[in-house]
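FYI, the numbering just counts along the sequence from 1. Counting starts at 1 for both ligands and their atoms, in listed order.
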Amino acid sequence: MGRPAAERREELIELYREVQNCRRCPLYATRTQAVFGSGNADADLMFVGEAPGFHEDQQGKPFVGAAGKLLDTLLEEIGLAREDVFIANVLKSRPPGNRDPQPEEIEACKPYLTRQIELIEPRVICTLGNFSTKLLTRRQDGITRVHGQPQDHVVAGLPVRIYPIYHPAAGLRSTAMLETLREDFKRLPELLEAARPREEPEDEEEGSPEPVAASQLGLFG
Ligand code: URA
């Protein structure tokens, strides 16, 4: 931890280019474009979904369809916007017909997510649904069982709090699910607050923090 944000951002840009040209699994042949993820390259909070769907594949951005609109609303309800967080997926390419990601595809794509986490250095990773939860917790417990329960893990060599919640698409399917999702979402500010490092004394000479805008990845999808 602790590498300068500008340096990590540069490497994230290189990784973005690499992902655009990725052919590690057969999904490259059917995708319109890879969806790297987008948001703040130095975010404390990262969301990890499943895979791009039709609209994401068309636009090259994560969560731009109906589930994405719900995600935006839920973020707004806790006082956050997309620019404050980083949003990525387990798979960077769309599985045809939005079928479930296959184990070989997850395995092939995993190094990209690991590297994103290594470079962004989030303190809290909110996993959306089963696929990202199982991948990052390295456990087989399903989302129904573990949602709303923060777990401490080391991912990409970094200590992170993983917070599994239902996938927003599930919230679109049932009112009960939406209520649970909303309740779980409401705990995010408190988790983020608890995960923040203690304030370091300000150094008048060189202590001015990098402006937020400079570390945002608007160009990424
Ligand atoms: N569902 C996901 O898991 N990811 C997206 O980017 C869009 C929908």
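- Residues S132 and T127 bring no donor and acceptor atom of their side chains to less than 3.5 Å of each other.
- For ligand 1, the atoms sitting less than 4.0 Å from at least one non-hydrogen atom of E50 are 2 (C), 3 (O), numbered in the order shown with element in parentheses.
- Using a 4.0 Å cut-off between charged side-chain N and carboxylate O, E105 and R99 make a salt bridge.
- Geometric assessment of R82 against the ring of F63 yields a negative cation-pi assignment under the 6.0 Å and 45° thresholds.
- Ion pairing between D42 and R9 fails under the 4.0 Å rule for side-chain N and carboxylate O.
- E77 and K186 are not joined by a salt bridge, as no carboxylate oxygen comes within less than 4.0 angstrom of a charged side-chain nitrogen.
- With salt bridges taken as basic N to acidic carboxylate O contacts below 4.0 Å, one links R24 and E18.
- Residue F63 places at least one N or O, backbone or side chain, under 3.5 Å from an N or O of ligand 1.
- Considering both main-chain and side-chain atoms, E56 never comes within under 3.5 Å of ligand 1 through any nitrogen or oxygen pair.
- Closest to atom 4 (N) of ligand 1 among all protein heavy atoms lies N89 OD1, 2.8 Å.
- Taking every heavy atom of H167 and a limit of under 4.0 angstrom, the matching atoms of ligand 1 come to 1 (N), 2 (C), 3 (O).
- The heavy atom nearest to atom 5 (C) of ligand 1, out of those in A51, G49, G129, is found in A51.
- Proximity of K61 to ligand 1 is not established, as no heavy-atom distance is less than 4.0 Å.
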